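Since the structure comes first, as structure tokens, the remarks are kept for the end.
In this text, all values refer to a predicted model and were calculated from it rather than measured experimentally. Basis for what follows: all heavy atoms, side chains included, without hydrogens, waters or symmetry-related copies. Chain letters run A, B, ... following the sequence lines, proteins first, then strands; residues in each count from 1.
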Protein chains: 2
Amino acid sequence: MKLNTEEIMEMEKIKRINLINSVSGIKPANLIGTVSNKGVSNLAIFSSVVHIGANPPLLGFILRPYNEIRRDTYQNIMDNYYYTINHIHLNFVEQAHYTSAKFEEEVSEFDMCRLNEEYIDDFPTPFVRESKIKMGMEFKKIIPIEINDTSLIIGKIKILVMPDEATDELGQVDPAKVNNVGVSGLNSYYSLKKIGQFPYARKEEMPDFSKL
Amino acid sequence: MKLNTEEIMEMEKIKRINLINSVSGIKPANLIGTVSNKGVSNLAIFSSVVHIGANPPLLGFILRPYNEIRRDTYQNIMDNYYYTINHIHLNFVEQAHYTSAKFEEEVSEFDMCRLNEEYIDDFPTPFVRESKIKMGMEFKKIIPIEINDTSLIIGKIKILVMPDEATDELGQVDPAKVNNVGVSGLNSYYSLKKIGQFPYARKEEMPDFSKL
């Protein structure tokens, strides 16, 4: 299959959306938790969480256009500054998927999808109890992406909670150890199996690829 | 393990970088191909490629600070506007990893890591022949992320090449069908196994989670 921009744009809309949402490779599967000014908790699945930097610890995610549909996650973050990012694991992937259904404003996706709220220390926004790796985030910046009316939301990690055994000797999270999932497109989920860990790449220590 | 911002910042530097680079979940593994004004091709591994939109088809990626080290990918895109994004598969993951070593400016990572350049139609920048899913990108926008001197680079898909069998009936890429890998942190790689595909989430069609 070889498609140019014009051929992509001529595709049937749903097929085009499915295709372009899946051409970047495997995506992380996270639930973002917020609370509205009326005290209603909200939970939404996002596949666009991305590392921004480690000093200070910053993560971003891409938000769809404001005016497209109701955007509870956006409004709640703008109103209250705090949100949680919770990893999705094999044992509740279907519940997590259904947080994307359009519920009434006054109901919580925690209730509708049978996921439990968990409050940690004095962090003002609920975490997902079922999630093993979770972060309390403080909103830092919204960066408009004018080319298609999306935005990059950046937050700082205020609190990070996970089992000690989720990291390896280098301090790196091993997502397979907590049965994390990845997502492709809008609705396909994948389990992860570690296949290799290579040292920091130095040209003096390269394997001999000439034998290939 | 429970860490607040201050405790994260007090960690030993490499451990902190490893930890924060791996807390967002599994990341896509892509090689970005460019060419310099001197005609030297460049290949660099990126784990931050993110979906920006399907209308028009846009992808972004996060670029580290300009002044941190030599940034061939950035300079080449600024000079020549075109780049390629190439998925990484199981059979060349170690070669792909070593594109991150610091080679001299006049040598190509294609040569050093024994990956083959492939030119497709009149697209001016080389693709990775070993990659089954690859895109020719046109630079559209660089958005500064001033909070930590990184940038979001956005490009439009000009050409998309992949095997017909890489997509499912919904038009979605199934990364497991082409042995795609994901990455955690800076150097751990994962194979993918499809575990479920759920319909577009409508609240009227929700499974009965009350039995859980």
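Using a 4.5 Å cut-off between heavy atoms, M206(A) contacts chain B through both its backbone and its side chain. There is no contact between S47(A) and chain B, counting heavy-atom distances below 4.5 Å. Using a 4.5 Å cut-off between heavy atoms, I143(A) contacts chain B through its side chain alone, with no backbone atom that close. Both the backbone and the side chain of Y200(B) come within less than 4.5 Å of a heavy atom in chain A. Contacts of M162(A) with chain B are made by both backbone and side-chain atoms, with heavy-atom separations under 4.5 Å. If you measure heavy-atom distances from H87(A) to chain B, the contacts under 4.5 Å come from the side chain alone. The contact between V181(A) and chain B is made by backbone and side chain atoms together, counting heavy-atom distances below 4.5 Å. There is no contact between I85(B) and chain A, counting heavy-atom distances below 4.5 Å.
When the salt bridge (charged side-chain N to carboxylate O under 4.0 Å, His left out) test is applied to D121(A), the partners found at least two apart in sequence or on another chain are K2(B).
Here the side chain of N187(B) pairs no donor or acceptor atom with the backbone of P199(A) at under 3.5 angstrom.
The CD1 atom of I147(B) sits 5.0 Å away from the CG atom of L58(A) when rounded to the nearest 0.5 Å.
Contact count versus chain A (heavy atoms, under 4.5 Å) is highest, among V50(B), I52(B), T167(B), for I52(B).
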